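Keep in mind that what you see is a predicted model, and the values were worked out from it rather than measured. Residues: numbered from 1 along the sequence shown. Heavy-atom basis, side chains included; hydrogens, waters and symmetry copies ignored.
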Amino acid sequence: MTTIWQQYSSDSREQYVAAIKALGSLSALFRQKSDGMIDHTAYISSKYQETVFARFFNGSVVDKGNDPYDVMVPSPVSGKRDLVGIKTFLNSSSPMQKIMQFKSVATTEGWTAWIKDGEYQRLVSRIAELRNQKLRSTQNLLAGAGVAPEVAFANIFYHYLSPLKDGRVYVGESDYSFMDESNLSFVAPDGAKRISSLQFSDGKNDYKYTPADSTLYMRFVHTKKSDNGGDIVDEFAVRQLVDPHASLMRLLEGDLAELLPSKVSEEQSDEHSQNGLFDTKGREENDTPTVVHAPGSDSDTVTVVDRNVAPKARLKKKTRSSESVTYGRGLDSTNLGQTFIFPIFRLTGYRETPAGEVDAKSGLNLRLGDSKNKGSGTPRPVNEVEIKIPAARKFHEEFPYFFGVNGAGDPISKLQNVGGKWKTAFEDKNDRTFELVLTQSGQQMDAILSGDGNKQLMSKHHQVILGSWILSQVFQLGEYERLDRNKLDQLDLDSIRLTWLGNRRVGMEFIKAREEDLEFLWPSRQDLFRELWTPPTPEDE
């Protein structure tokens, strides 16, 4: 049986293993105490593991702190992409490893009462439903608008490293499919005791749910080789330095200055960016993906750009105007990556929408608003959405160049006061057009600023594609179903991040805000946001 691991090139595997060995050689640095037993267990950081896996398999890290997948890489077989969950755990530890947490939903829905009443089937069914919703939503985010995950991705799997005490490290490869909601069975706990966990299975994998921390675990068969019914597909040995402290000091005292370039040339910087490492701001490439423009910017064709193709296959980026333009307010060609976070829920109440809820009849719920034909009762298009810019006029006043400038040097968001109302200065849609990049997939499409005060952005040509993707694929909503706060909590999504990628190029992604994101919140009402926010737990990150 050929494993996915074996399908990747031997060069990539060897470089990845060498990088793991390099960190593993320093393991004694992290061994704080000894119990007298000989222990050669290699230290492996999961975040380091994610980074080197993405680097040597020519991919990108897609985990934003609480996402189910960690790395996206080119598939070795089909030319599609692979989604990979990265893990590391000791071979002597429990085979049950954490895969998801449900703190907010468990509290809101009263799972403790379900357990108290013995409603175990209801609980495991809900866990499977939410797990599958999250996987499906994330796959759709990474596949892009109008692209089915089965078309975009060849393999979706767990890759893990499991160090042994003798210095060897097992390479494991495990199932990462949806849970089979029709085949769930559980082991009824002893009713006389307060349950610490609920064991259940879907016929493919074994799971455990622990009510104390609302956490779901899955069993990994990390002691048997794949040809014997287990997960292990390879192994290697890590040679550890006897005195890594001394080795590091010699490096500092000796050749380190020669190893670190005093100045990174523009050519080197471009090379690093194209090879999937980091841009000049230190961001991972998935934050500002390479995007190829479709021939003819006014075409109805949605262009999907694979961020994980080989560097030589990538095309150079085009811009709508000269790169020498100064974009103002700290936005120029040296400051790519300027970021703003827009909450999806309201920070203050408005009409029938209370603070903390999603706007009832506008924004992502625009299709539930009044009919376009006044008094007709005809519903709005089922896939109609708009991305609202909170405090829009103030935003455009403070950051006039964020969405770009036209050939005359005027910001495309420019406003004028007409009869007491703030209107766009440009009636022609082409003068308000910019490229919207769905940064999680690398896809791009034309978008426009619209509404009084340029208070929202929306797709210029692809309303059905973009709206359907956001509503039915990302948020898993039925026709005319309202997006509400419960759904945000279920999917761990609460904000939209916009990133400046150059003149008239803006990246957009749906995220779960973390503490470090609040610095970029707009409007800058962190106090209100925190009062209404369900922050990710440390375990999620």
Residue pair E515, R530: steps toward the salt bridge (Lys or Arg N to Asp or Glu O under 4.0 Å) verdict: CA-CA 9 Å; E515 182 64 36; R530 284 192 176 94; 2.4 Å; yes

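- Here the two rings, on H159 and Y16, have centers that are under 6.0 Å apart.
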Working for salt bridge (Lys or Arg N to Asp or Glu O under 4.0 Å), residues K487 and D489: CA-CA 5 Å; K487 179 62 74 171; D489 289 341; over 6 Å; no

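- For the atom pair CZ of R346 and CD of E357, the computed distance is 11.5 Å after rounding to the nearest 0.5 Å.
- Checked against S362 for a side-chain hydrogen bond (donor to acceptor under 3.5 Å, both in side chains), the options R367, K388, K455 give a single hit: K388.
- In terms of modelled atom types and a separation under 3.5 Å, the side chain of D82 and the main chain of V73 share no donor-acceptor contact.
- Side-chain contact, T215 with Q101: a donor N or O sits under 3.5 Å from an acceptor N or O.
- When side chains are defined from C-beta on, V385 counts as touching Q463, because their heavy atoms get closer than 4.5 Å.
- The distance between the ring centers of F399 and W500 does not fall below 6.0 angstrom.
- Panel note: side chain Y69, backbone I156; no donor-acceptor pair is recorded below 3.5 Å.
- For the pair R497 and F520, the NZ or CZ position fails the cation-pi test of under 6.0 Å to the six-membered ring centre and within 45 degrees of the ring normal.
- Under a cutoff of 6.0 Å and an axis angle of 45°, R432 and F426 do not form a cation-pi pair.
- Inter-residue side-chain proximity for R504 and T433 is flagged as met; some heavy-atom pair is nearer than 4.5 Å.
- Q49 and Y160 share no side-chain donor-acceptor pair at under 3.5 Å.
- One distance of note links CD of Q443 with CG of L142; it measures 12.0 Å at 0.5 Å rounding.
- Relative ring orientation between F529 and F345 is described as parallel, the plane-to-plane angle staying below 30° on a 0-90° scale split at 30° and 60°.
- Salt bridge status for E129 with R126: present, with a side-chain N to carboxylate O gap under 4.0 Å.
- The main-chain N or O of T499 is never found under 3.5 Å from a side-chain atom of T339 such that the two would form a donor-acceptor pair.
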